[in-house]
Amino acid sequence: METITSTITLLKKAYQLLVTAKSLSELYEENKNITGKYVHATSRGHEAIQIATGLQLLPQDYLSAYYRDDALLLAIGITPYELMLQLLAKRDDIFSGGRTYYSHPSLKREDLPKIPHQSSATGMQAIPTTGIAMGMQYKELEGLPTEDVKPITICSLGDASCTEGEVAEAFQMAALKQLPILYLVQDNEWDISASADEIRAQDIAHYAKGFKGLEVFSVDGTDFLASYEVVKKAIEIIRTERRPILIHAKVPLLNHHTSGVRKEWYRDDLEEAQSRDPYDKLKTMLLNEGVEIEEINQIEKEIADTVKIDYQNALKAEDPKPKDLYDHVFASTPITEEKGNRSPEGKEKTVMVDSALFAIRELMAKHPEALLYGQDVGLRLGGVFREAATLAKQYGKNRVFNTPIQEAFIIGSTVGMSAVGLKPIVEVQFADYIWPGLNQLFTEVARSNYLSNGKWPVSMILRVPIGAYGSGGPYHSSSVESILTNIKGIKIAYPSTGADLKGLMKSAYYDPNPVIMLEHKGLYWSKMKGTEEAATIEPDEEYVLPFGKAREVLVTDASSEHNSVTIITYGMGVYWAKEAAKDFSNQIEIIDLRTLVPLDEEAIFNSVKKHSRCIVLTEEAKQNSFAQSIAGLINENCFEFLDAPVRVLGAKDMPAIPLNSVLEEEMLPNSTKLKSLIKDILNY
């Protein structure tokens with residue numbers, strides 16, 4: 001009798017949640033002239049498997065719920081009213097403050113499972129969520145504090161999204177490292193208007209079995225009790241055995257793909273889909289367990305009434321204020337001023353690559369939550385530039401390890417690692433290889449703090465060797481800062497000396513935001529003539545350099561007797577400028593930006609106003625570049641002080657940097673080309 005009572009209690013709870021989700025869907029449809037203002041999707045047809053999952057999660061668990069998972073959110077404890085605040089993009093929307101769509105959750109409450117920011121990009125959640133599981137495993141292996149009942153990670157996906165390559169990257173790492181994650185795949189056999197037979201060679205149950213070590217369960221996702229038992233079994237295995245499992249749940253899609261894409265436009269299976277409604281099945285289960293129809297009807301009435309009241313209250317809720325737009329672009333950083341000893345006495349100069357290595361070594365010694373991973377950074381090599389040499393030997397393979405060739409995973413996994421309290425330092429081998437990771441960088445990393453209303457900043461460092469050096473050719477020479485500076489929500493450093501690299505690396509570590517360290521390969525060892533001063537005295541362990549503070553490389557007084565010019569530059573440009581300045585006594589001022597985001601506009605404007613002439617120097621191709629944006633900024637803010645047009649010197653606008661050294665030299669800027677431009681602008 002006790003078991004029967006427990007089953008009835010469970011069924012009633014599930015029915016209440018299912019009816020709530022169904023009532024929300026119906027209310028939205030009835031009021032589509034209002035609710036349709038902002039695009040939304042609902043869980044109609046998917047409710048049973050979602051509720052079966054949500055009811056079994058604990059507060060220490062992490063959840064990635066995708067845009068059709070409102071029943072899952074209800075099951076973990078989110079209220080209809082809270083969901084409606086997001087549906088209507090209200091200011092008190094608990095997830096995003098009105099910034100993102102319905103059922104795009106981000107949650108950080110002590111008593112509920114944690115949900116880092118969720119994007120709309122289908123399948124993109126697989127990598128950040130697998131990063132959470134990787135972070136859980138790391139903490140356990142390193143003996144960092146964790147809960148008595150071990151947490152798990154749930155990644156909810158639609159079957160159609162699993163054709164994305166980034167989902168495969170996630171599965172690969174989960175299987176390779178045996179991570180504590182449950183992939184819950186809800187298969188309704190539709191993309192938007194494309195059906196399963198058009199878009200996939202096999203369903204996810206067959207596909208996932210190709211990943212050795214990823215166990216697969218299948219279930220009828222419309223059968224609540226069957227779903228509950230399968231989820232229960234999977235969760236028990238993951239909590240105890242700490243390995244990945246995938247559940248493939250077959251479900252019907254009973255509502256529109258979204259409020260803007262109507263099912264009647266293209267569906268010819270609506271009658272068959274309706275015959276598998278989990279609502280009818282669960283109601284029948286209750287009746288078979290002896291629950292009276294009157295009680296069931298009363299449950300439905302009470303929920304419908306509550307949902308209507310919540311909807312009216314949500315309509316009256318306050319909209320965001322215009323000033324709210326500007327909140328949470330970045331989380332506050334504790335590093336706001338330069339501290340420590342930049343040039344300790346009695347030290348030899350250190351090459352730039354070692355300055356970075358020593359900074360990370362000191363950070364890892366002090367902070368057990370710091371770890372480094374990427375391609376070839378592990379024990380055997382320590383990075384193709386030896387920028388991580390000795391680190392794996394010192395700190396072990398859990399803290400410094402190689403990844404597969406998966407730029408998307410390397411970058412996107414930092415979202416999850418950060419969410420569990422770690423500080424990942426990751427590497428992309430060359431700037432040319434960053435492109436496969438841009439989706440994760442733009443969609444998941446950069447937007448997390450803003451779209452979660454400040455709850456989930458992504459604290460990570462991405463190291464990117466950049467620039468042309470030693471005839472690297474078209475796949476090892478690119479400059480990519482113009483692309484990166486257009487991704488809002490990330491900070492970008494581009495140091496030109498070892499001291500700056502170490503100070504900015506330390507600052508980046510203590511910054512709660514995502515930081516990209518652009519490290520010029522040609523400056524790493526100061527082997528190129530004229531770059532010797534990139535090697536500097538290594539600052540002490542306490543040295544930090546705040547972002548947004550430019551460096552005066554060469555200071556010159558303005559004179560009424562001759563014209564002068566300021567050169568605004570960064571990276572290798574600093575050394576081209578220093579070489580060129582030798583031919584122009586007391587006529588050149590050089591400003592090294594050091595960080596591109598944030599940008600030290602005050603230093604730029606002060607120098608331009610002082611000299612009335614300006615060259616912006618970059619290694620990138622000139623057209624549509626970051627350098628041109630600086631020139632535009634100077635024109636807007638210093639126009640009345642200018643005695644000549646702001647000029648930009650960059651590489652020629654070619655599709656790629658050629659391998660041949662003669663062609664490479666023709667394409668790239670250098671001090672000779674800069675001298676010619678300086679003469680022109682001084683004589684203007």
Side-chain angles (χ1 to χ4, degrees), residues 13-47 50-51 53-55 63-109 111-115 117-120 156 253-262 279 299-321 324-325 327 450-455:
K13 178 64 175 175
Y15 191 70
Q16 290 169 341
L17 291 165
L18 195 155
V19 169
T20 302
K22 179 173 177 286
S23 297
L24 289 173
S25 178
E26 292 169 349
L27 181 142
Y28 300 161
E29 185 66 15
E30 291 166 6
N31 296 275
K32 61 186 178 185
N33 59 321
I34 297 173
T35 61
K37 180 178 181 180
Y38 304 116
V39 173
H40 60 271
T42 71
S43 59
R44 195 69 195 91
H46 293 227
E47 299 98 336
Q50 291 184 21
I51 293 166
T53 303
L55 287 176
L63 169 64
S64 168
Y66 86 114
Y67 59 79
R68 200 176 299 285
D69 279 345
D70 57 1
L72 179 51
L73 297 176
L74 290 168
I76 68 168
I78 303 301
T79 68
Y81 177 70
E82 289 169 331
L83 287 177
M84 290 180 200
L85 289 176
Q86 189 178 42
L87 174 86
L88 300 169
K90 296 295 185 176
R91 192 180 195 212
D92 290 336
D93 156 33
I94 63 168
F95 301 136
S96 73
R99 291 175 173 173
T100 194
Y101 305 103
Y102 180 73
S103 198
H104 286 58
S106 55
L107 191 69
K108 202 171 188 179
R109 289 180 178 171
D111 59 334
L112 295 180
K114 310 302 178 285
I115 309 177
H117 159 67
Q118 305 293 289
S119 76
S120 267
S156 178
L253 178 60
L254 300 182
N255 201 2
H256 310 291
H257 169 73
T258 66
S259 55
V261 181
R262 315 293 290 179
Y279 164 75
I299 290 173
E300 296 208 10
K301 182 180 184 306
E302 289 177 357
I303 289 172
D305 290 344
T306 299
V307 165
K308 289 176 182 176
I309 293 169
D310 285 346
Y311 175 63
Q312 292 302 319
N313 289 332
L315 287 173
K316 299 171 186 174
E318 183 183 20
D319 283 320
K321 299 179 183 297
D324 296 340
L325 175 70
D327 295 337
Y450 190 71
L451 292 182
S452 71
N453 223 21
K455 293 189 293 295

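Just the heavy atoms: all of them, side chains too, but no hydrogens, waters or symmetry mates, feed the values below.
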Completion exercise
Sorted by chain and number, sequence neighbours left out, side-chain contact (heavy atoms from CB on, under 4.5 Å) with T306 holds for D310

Handout entry: L63 side, atom CG; L73 side, atom CG - distance, nearest 0.5 Å
Key = 7.0 Å

Exercise for the section: Using a cut-off of 6.0 Å, state whether more than 12 heavy atoms not belonging to Y311 lie near its atom OH. Expected result: yes

Practice task
Mind checking side-chain contact (heavy atoms from CB on, under 4.5 Å) for A314 and listing every partner two or more places apart, or none if nothing turns up?
Solution key: Y81, M84, L85, L88

Problem - Flag, side chain of Q86 to backbone of G98, donor-acceptor distance under 3.5 Å - result: no

Exercise for the section: Look at the side chain of K455 and the backbone N and O of F95, then say whether any donor-acceptor pair between them is shorter than 3.5 Å. Expected result: yes

Handout entry: Side chain E47, main chain G45, donor-acceptor under 3.5 Å
Key = yes

Practice task
Indicate the atoms forming the closest heavy-atom contact of A71 with A21, along with that distance.
Solution key: CB-CB, 3.9 Å

Exercise for the section: Please name all residues satisfying side-chain contact (heavy atoms from CB on, under 4.5 Å) with D319, sequence neighbours left out, ordered by chain then number. Expected result: K90

Handout entry: Residue pair L253 / H46, side-chain heavy-atom distance below 4.5 Å
Key = yes

Problem - Interatomic distance, S43 atom OG to I51 atom CD1 [nearest 0.5 angstrom] - result: 7.0 Å

Handout entry: Nearest non-hydrogen partners of I115 and P105, listed with the distance
Key = CG2-O, 3.7 Å

Fill in the blank from the handout: To the nearest 0.5 Å, atom CD1 of I34 lies from atom CG of L87 at 10.5 Å

Exercise for the section: Report the residues that fulfil salt bridge (Lys or Arg N to Asp or Glu O under 4.0 Å) with D305, sequence neighbours left out, ordered by chain and then residue number. Expected result: K301

Fill in the blank from the handout: To the nearest 0.5 Å, atom OG of S23 lies from atom CD1 of I303 at 6.5 Å

Exercise for the section: Only counting residues at least two apart or in another chain, list the ones meeting side-chain contact (heavy atoms from CB on, under 4.5 Å) with E30. Expected result: E26

Exercise for the section: With sequence neighbours excluded, tell me which residues meet side-chain hydrogen bond (donor to acceptor under 3.5 Å, both in side chains) with H117. Expected result: none

Problem - Non-neighbouring partners of S96 that pass side-chain hydrogen bond (donor to acceptor under 3.5 Å, both in side chains), sequence neighbours left out - result: D93

Handout entry: Flag, side chain of Y450 to backbone of L325, donor-acceptor distance under 3.5 Å
Key = yes

Handout entry: CA sep, side-chain torsions, deciding dist, call: H256, K32, side chain to side chain contact (heavy atoms under 4.5 Å, CB included)
Key = CA-CA 12 Å; H256 310 291; K32 61 186 178 185; over 6 Å; no

Practice task
Would you check if the side chain of R99 reaches a backbone N or O of N453 as a donor-acceptor pair within less than 3.5 Å?
Solution key: no

Completion exercise
The complete set of salt bridge (charged side-chain N to carboxylate O under 4.0 Å, His left out) pairs with one or both residues in residues 65-84, sequence neighbours excluded, reads E82-R109

Problem - Partners passing side-chain hydrogen bond (donor to acceptor under 3.5 Å, both in side chains) against R91 (at least two apart in sequence or in another chain) - result: D324

Practice task
Give, for atom OH of Y67 and atom NE2 of H257, the distance between the pair rounded to the nearest 0.5 Å.
Solution key: 4.0 Å

Handout entry: Minimum heavy-atom distance between A89 and P320, given as atom pair plus value
Key = O-CD, 3.3 Å

Problem - Spacing of S452 atom OG and I94 atom CD1 [to the nearest 0.5 Å] - result: 12.5 Å

Handout entry: For K321, salt bridge (Lys or Arg N to Asp or Glu O under 4.0 Å) partners two or more places apart
Key = E318

Practice task
Identify the heavy atoms of P113 and L107 that sit nearest to each other, and give their distance.
Solution key: O-CD2, 3.7 Å

Practice task
Using the test salt bridge (Lys or Arg N to Asp or Glu O under 4.0 Å), find all partners of K108 that sit at least two apart in sequence or belong to another chain.
Solution key: none

Practice task
Could you tell me which non-hydrogen atom of I299 sits nearest to which non-hydrogen atom of Y15, and how far apart they are?
Solution key: CG2-CD2, 4.2 Å

Handout entry: L24 and P80, any side-chain heavy atoms less than 4.5 Å apart
Key = yes

Handout entry: For Y28, ring pair (Phe, Tyr, Trp, His ring centres under 6.0 Å) partners two or more places apart
Key = H40, Y102

